[in-house]
Amino acid sequence: MRPPHRVEPPAHCDTIPRVPQPSTSKSSPRLTRRFYRRDPVTVARALLGKTLVRHFKNGRRAAGTIVETEAYLGAPDRAAHAYNHHHTPRNHSMYLDGGAAYVYFTYGMHFCCNIVTQTADVPTACLIRALQPTEGLDLMRRNRAGKIPADRLRDTDLASGPAKLCQALNITRDLDAQDLTQSPHLTVERGPTIPPSQIPRAPRVGIAYAEQWTDKPLRFFITANPHVSVPHP
DNA sequence: ATGACGATTTACT
DNA sequence: GTAAATCGTCATA
């Protein structure tokens, strides 16, 4: 009989006191690799109702329920950054394992946040398009404040768009390629499964160049949710 | 070296 | 409704 293997903590952990976890959370709330390794349409629908969480250095969190997503289907998808196996430094994260973040810069001023799906050989992903803010609204409001001051921003102005939610949660290029199943900075936590009857489909936004892929219904959102980026027709 | 182009948002007519 | 803002990225040369 071999004695149970014990892993010594790294030295820097000596200074960090062990804090007992609340007995109510038996397992991590974080979604696992298995969740993300499915096809992007399945993941895009399954992500609705889950919580995107940004963990800040000071221990504070800002978070919101995912209420709108889009699926990008990889090599065959004319709208996808990985169309025709396009692979450059910018989109390299698309070629990581499911659960990686793919954060890219666009229009000279905005970031957008995707979650990679399937496995490293299949460059598919889901774009997170909108959140319903649930935690740290004061931080989100501060991050979003501009010409309109923070105290005049409505909750529906905080994260109702792919670049807005990145600004609200301070998601920038620094977080590109982060593994969301491990990252201390960005995670997705489990939540309710939204029934298909409450998930309308619509064409994706901002891809008029994508020819026959422009009108495919690969955008998913929670019915009648006021935080969705653009109201459906 | 150069130029065209965005998986967007905001302000303004 | 239309248009400006604003610049990293990549294909072309």
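In what follows, chains carry the letters A, B, and so on, assigned in the order in which the sequence lines appear, proteins first and then strands, with residues in each chain numbered from 1.
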Stems involving DNA chain C, each a run of at least 3 consecutive Watson-Crick or G-U pairs under 3.5 Å: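 For DNA chain C the paired stretches long enough to count as stems (3 pairs minimum) are B:1-6 with C:7-12, B:8-12 with C:1-5.
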Ignoring hydrogens and angles, tell me if any N or O in the side chain of [X] forms a donor-acceptor pair with the backbone of [Y] under 3.5 Å.
| X | Y | value |
| --- | --- | --- |
| A:Asp179 | A:Thr181 | yes |
| A:Arg201 | A:Pro217 | yes |
| A:Arg190 | A:Ser28 | yes |
| A:Asn91 | A:His81 | yes |

Name the atoms and distances for all side-chain donor-acceptor pairs under 3.5 Å in residues 105-116 of chain A, with sequence neighbours left out.
residue: A:Asn114; atom: ND2; partner: A:Tyr102; partner atom: O; Å: 3.2

Near-strand residues of residues 141-169 of chain A, defined as heavy-atom separation under 4.0 angstrom from DNA chain B: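 Only A:Arg144, A:Lys147, A:Gly161, A:Pro162, A:Ala163, A:Lys164 qualify.
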Full working for side chain to side chain donor-acceptor pair (under 3.5 Å) between A:Arg30 and A:Thr187: CA-CA 7 Å; A:Arg30 191 183 298 225; A:Thr187 64; 5.3 Å; no
Rounded distance (nearest 0.5 Å) linking atom OG1 of A:Thr117 with atom CG of A:Asp97: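 That separation rounds to 10.5 Å.
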Spacing of CG belonging to A:Leu31 relative to CZ belonging to A:Arg33, to within rounding of 0.5 Å: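 Output value for this atom pair is 11.5 Å.
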Could I get a table of every N or O pair under 3.5 Å where one atom is in the protein and the other is in nucleotides 5-10 of chain C?
residue: C:dT6; atom: O2; partner: A:Tyr107; partner atom: O; Å: 2.7
residue: C:dC7; atom: O4'; partner: A:Gly108; partner atom: O; Å: 3.4
residue: C:dT9; atom: OP1; partner: A:Arg173; partner atom: NH1; Å: 2.7
residue: C:dC10; atom: OP1; partner: A:Thr88; partner atom: OG1; Å: 2.0
residue: C:dC10; atom: OP1; partner: A:Arg90; partner atom: N; Å: 3.3

Salt bridge flag under 4.0 Å for residues A:Arg204 and A:Glu70: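 A salt bridge is absent here (no side-chain N lies under 4.0 Å from a carboxylate O).
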Joint hydrophobic cluster, A:Ile222 plus A:Leu127, side-chain heavy atoms closer than 4.5 Å: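 In one cluster: no.
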First-last contacting nucleotides on DNA chain B - partner chain A, under 4.0 angstrom, heavy atom: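 Listed 5' to 3', the contact boundaries are B:dG6 to B:dC12.
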Side chain to side chain donor-acceptor pair (under 3.5 Å) partners of A:Asp155, counting only residues at least two apart: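 By the side chain to side chain donor-acceptor pair (under 3.5 Å) rule, A:Asp155 matches A:Arg141.
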Sugar-phosphate only, base, or nothing, as touched by A:Leu127 at under 4.0 Å among non-hydrogen atoms: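 Here A:Leu127 touches the bases of the nucleic acid.
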Check: A:Ser229/A:Arg129 side-chain N/O donor and acceptor closer than 3.5 Å: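 Note: A:Ser229 and A:Arg129 side chains meet the donor-acceptor criterion.
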